Amino acid sequence: MRRLLTMLLAGLLLVPLSACQRGGAEVDNGPAAREEDGADWPLYGRTFSANHYSPLSEIDSGNIDRLKLAWSLDLDDGGSLYTSPVAVGGILYFAQGYSVIHAVDAATGKLLWKYDPEVWKVAGKKMRTAWGSRGIAWWDGKIYAGTLDGRLIAVDARSGKLLWSVQTTEGSDDGRYITGAPWIFNGKVVIGHGGADFDLVRGYVTAYDARSGRQLWRFYTVPDDPAKGFEDPALARAAKTWTGEWWKYGGGGTVWNAMAYDPQFNRLYIGTGNGTPWNQHIRSPGGGDNLYLCSIVALDADTGKYVWHYQVNPGETWDYNAAMDIELVTLKIGGKDRPVLMQAPKNGFFYLIDRETGKLLSAKNIVPVNWASGIDIKTGRPIENPAARYPDGRGFMLSPSSAGAHNAQPMSFSPRTGLVYIPAQENGLWFSDAGVDLKNWKPLRGTGYNTGLSQEPSPVPPPPTRSFLLAWDPLRQKAAWSAPMPTLWGGGITSTAGNLVFVGTAEGRFEAYDARNGKRLWNFDAQAGISSQPISYSVGGRQYVTVLAGYRGIVTASPWDYRTQRRRVLTFALDGKAPPLPAPDPQPPRQFIADPGFTVDPAKAKAGLGVYVASNCFNCHGLDLQAGGMAPDLRESAVTTSADALAQVLRDGLLVERGMPQFSELTARQIEELQHYIRQTTRAAIAGKAAPNRGPEMRQ
């Protein structure tokens, strides 16, 4: 009772009933509806409010020194662990790599079953643009997951048997793929998709019957060709904010990550992404707000009809999407309880928005920004720096960069402290379209980023990159404390009623901080970088904390090697009795292959860089061949010493089953040029020199 009272006083949105009455039918929403019950973690954000918060308090700031490893499970499969598990009824579930779902006894670590949707057989070019699942969901004895090839699947949670599967996208060549978690409420499961960076994609979200997979409704996030008519009056209104022939580029606006369900108003909030291409000078040459790009859109949960929207970046042109997590709370503002949603999107500001009306209540930057001087509260619009739109080919060093002040790693709100904990970063990136033929620009189709920007290096150095764990007071719109983090991205944040904040780092540390003051209280050597979000749950009245270890860098070099890094499930409890992790194998020195008998042709090597970038190889193998743990380091690969072997892997698809995409369109000459680029770059690394032909700056 004391815990429930504390949460009420803190102003957390509570949904104490386990069933909702909609349309005359009672639907059991199970643990997803119960904010106060922390035994299970069934959804990506745990409950409908998506606060990434656990009300469990057995483990707290006073006894955290007793937190020990309860069990660990080594994972034999490769693939990304940039994901979040769920736990219900004493069973832990997670998706590794291309949505390979695992079920594990949450108290012992025993693997119960594994289901492989065999994405590699059908994903085709989509394997070039994304890497796997960010999260899954549980409801009514089923596990729901999206797949890279665009399926939504439901698997029996006890047996791992496939119950149903629906194709939510429009075929193998439509450019849409799924990495985000499904969202479930009132017997419906809603899924979005990604793809706006890489193809001619028009975004949408789709609701299905959670029991049968039957489609119920679909909402498009941007308008299509006006000559075809509009699916919704909201899209007719949106079309007035676009210019040119935007529909030929798809438009973008994909909902690849963030959603939240609000039972108080029976609404679904979705966060939409960037336009296709990023550069508005091409996409919508006459300007305009380009609705509903980079927006939070409220939809009627029963029908999918538009209710309201708030656009964080009208006429967006920097990849400042609003796909970061959306969190729901009730805060006392002006002496009254106010239902609000919170978001810290890429653009560097933290937003409080009224959930009923969509009205902006407050916004303040959480990191230094130079693209705007602030947000006009009366209009809700940013006060832009005109130079930030890189007009007439004049470049601009944008802060924050397209990587954002906050990216896809979830933040967490604690009703115990009233603070939001954000994995934040300061950074910058040069934006220019000098030299780009804006009128005749040709998009890439599933082979690289459609930015519409110059790829020339910046003439000025970017500001230093800094990463930190930020505790933000949403009412006062100011920082409460911060703690430095490694520059490379780590995992998401979970806070608990024990006044704890848990986070995993790229350096391989799993850490706990005092939620009130930012003091680091505990850390554990995970022996691998962490990209995932930890969760907490209880089994038999005992609280556990679980995190997945295994690093996946974002086109950035990391100390973790794809072949040698361990991939593990790590679970902790007070006075855990598991033996220590075995000592890691000594890391052998890097064995870059010089291949002295090979003669590098500089012209072919330069052309090979073009192949490497246009084919999106850097998304996995890294800029300048510095892989970030997602794929093998090509400088160490014997395959690259033979054009024939390269052709078998690239053109013939020899390693597709192991996650290496097929590039059947590459010619023998292009493969030869790629080999020259790899050999040249490898020799430069051996000599300790920068690559003679440098790849593009990081844009995502």
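None of these values were measured; they are calculated from a predicted model.
Listed here is the closest heavy atom pair of Asp300 and Trp217: O-CZ2, 4.4 Å. Between Trp247 and Asp224 the shortest heavy-atom distance is CB-OD1, 3.6 Å. Scanning all heavy atoms of the two residues, the minimum distance from Ser362 to Pro474 falls at OG-O, 4.4 Å. In terms of heavy atoms, Ile422 sits closest to Ala344 at CD1-CB, 4.2 Å. Minimum interatomic distance between Tyr306 and Leu299 (heavy atoms only, all atoms of both residues): CA-CD2, 3.9 Å. The heavy-atom pair separating Leu235 from Thr221 by the smallest distance is CD2-C, 4.3 Å.
Without hydrogens or angle criteria, Trp318 side chain to Ser399 main chain gives no donor-acceptor distance under 3.5 Å. Under a 3.5 Å cut-off, the side chain of Tyr310 and the backbone N or O of Gly380 do form a donor-acceptor pair. Side chain of Asn347 to backbone of Phe349: a donor-acceptor contact under 3.5 angstrom is found. Panel note: side chain Ser467, backbone Thr487; a donor-acceptor pair is recorded below 3.5 Å. Judged purely by atom type and a 3.5 angstrom limit, Ser295 has no side-chain atom pairing as donor or acceptor with the backbone of Val297. Without hydrogens or angle criteria, Gln409 side chain to Trp489 main chain gives no donor-acceptor distance under 3.5 Å. Although no hydrogens or angles enter the test, the distance criterion places a donor-acceptor pair under 3.5 Å between the side chain of Asn290 and the main chain of Thr241. A distance-only check finds no donor-acceptor pair linking the side chain of Arg202 to the backbone of Gly251 [under 3.5 Å]. Side chain of Arg338 to main chain of Lys332: no donor-acceptor pair is present (N/O by atom type, distance under 3.5 Å, no hydrogens or angles). A donor-acceptor pair under 3.5 Å links the side-chain atoms of Thr379 to the main chain of Arg381, judged by distance alone.
Proximity of Asn29 to Asn186: side-chain heavy atoms (C-beta onward) are separated by under 4.5 Å at one or more points. The shortest distance between side-chain heavy atoms of Tyr44 and Pro410 falls below 4.5 Å. Taking 4.5 Å as the limit, some side-chain heavy atom of Tyr144 sits within range of a side-chain heavy atom of Ile184. Counting heavy atoms from C-beta outward, Tyr269 and Trp308 have side chains that approach closer than 4.5 Å. For the pair Asn499/Arg416, a side-chain contact is recorded, criterion being any heavy-atom separation below 4.5 Å from C-beta on. For the pair Pro55 and Arg46, the minimum side-chain heavy-atom distance is below 4.5 Å. Inter-residue side-chain proximity for Trp242 and Val222 is flagged as met; some heavy-atom pair is nearer than 4.5 Å. Residues Val367 and Gln425 form no side-chain contact, since every pair of their non-hydrogen atoms from C-beta on lies 4.5 Å or further apart.
Between the side chains of Ser532 and Thr83, no donor-acceptor pair is found at a separation under 3.5 Å. Using modelled atom types and a 3.5 Å distance limit, the side chains of Gln280 and Thr317 yield no donor-acceptor pair. Between the side chains of Asp197 and Trp278, at least one donor-acceptor pair of N or O atoms lies under 3.5 Å. For the residue pair Asn427 / Ser401, a side-chain donor-acceptor distance below 3.5 Å is found, with atom types taken as modelled.
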side-chain contact (heavy atoms from CB on, under 4.5 Å) between Met324 and Met411, intermediate numbers included = CA-CA 9 Å; Met324 285 62 255; Met411 64 187 190; over 6 Å; no
Apply the test side-chain contact (heavy atoms from CB on, under 4.5 Å) to residues Phe350 and Val420: give CA-CA distance (whole Å), side-chain angles for both, the deciding distance (0.1 Å), then the verdict.
-> CA-CA 10 Å; Phe350 186 93; Val420 182; 3.9 Å; yes
Could you give me the CA-CA distance, side-chain angles and deciding distance for Leu419 and Ser414, then say whether side-chain contact (heavy atoms from CB on, under 4.5 Å) is met?
-> CA-CA 6 Å; Leu419 300 177; Ser414 169; 5.9 Å; no
Evaluate the side-chain contact (heavy atoms from CB on, under 4.5 Å) criterion for residues Tyr390 and Leu398: first the C-alpha distance (whole Å), next the side-chain angles of each, then the deciding distance (0.1 Å), finally the verdict.
-> CA-CA 10 Å; Tyr390 44 98; Leu398 184 82; over 6 Å; no
Kindly indicate, with the supporting measurements, whether the criterion salt bridge (charged side-chain N to carboxylate O under 4.0 Å, His left out) is fulfilled by Asp473 and Lys364.
-> CA-CA 11 Å; Asp473 186 327; Lys364 183 72 174 179; over 6 Å; no
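Ion pairing between a basic and an acidic side chain is recognised when a charged N comes within 4.0 Å of a carboxylate O; Lys188 and Asp302 show such pairing.
For the side chain to side chain contact (heavy atoms under 4.5 Å, CB included) criterion with Tyr320, the lone passing option out of Pro345, Pro400, Pro382 is Pro400. Test Thr169, Ile270, Thr168 against Tyr204 for side chain to side chain contact (heavy atoms under 4.5 Å, CB included) and you get one pass: Thr169.
In this structure, the separation between OH on Tyr537 and CH2 on Trp41 is 11.5 Å, given to the nearest 0.5 Å. We find the CG-CG distance between Leu361 and Leu341 to be 9.0 Å, quoted to the nearest 0.5 Å. Separating the NE2 atom in His52 from the OG1 atom in Thr47 is a distance of 9.0 Å, to the nearest 0.5 Å. Distance check: Phe468 CZ to Met485 CE gives 11.0 Å after rounding to the nearest 0.5 Å. In this structure, Glu327 CD and Gln343 CD are separated by 9.5 Å, a value rounded to the nearest 0.5 Å. In this structure, CG in Asp319 is found 12.0 Å from CG in Asn279, a value given to the nearest 0.5 Å.
Between Phe48 and Tyr261, a ring centre-to-centre spacing shorter than 6.0 Å is recorded.
Counting non-hydrogen atoms of other residues, nucleotides and ligands closer than 6.0 Å to CZ of Arg237 gives a total above 12.
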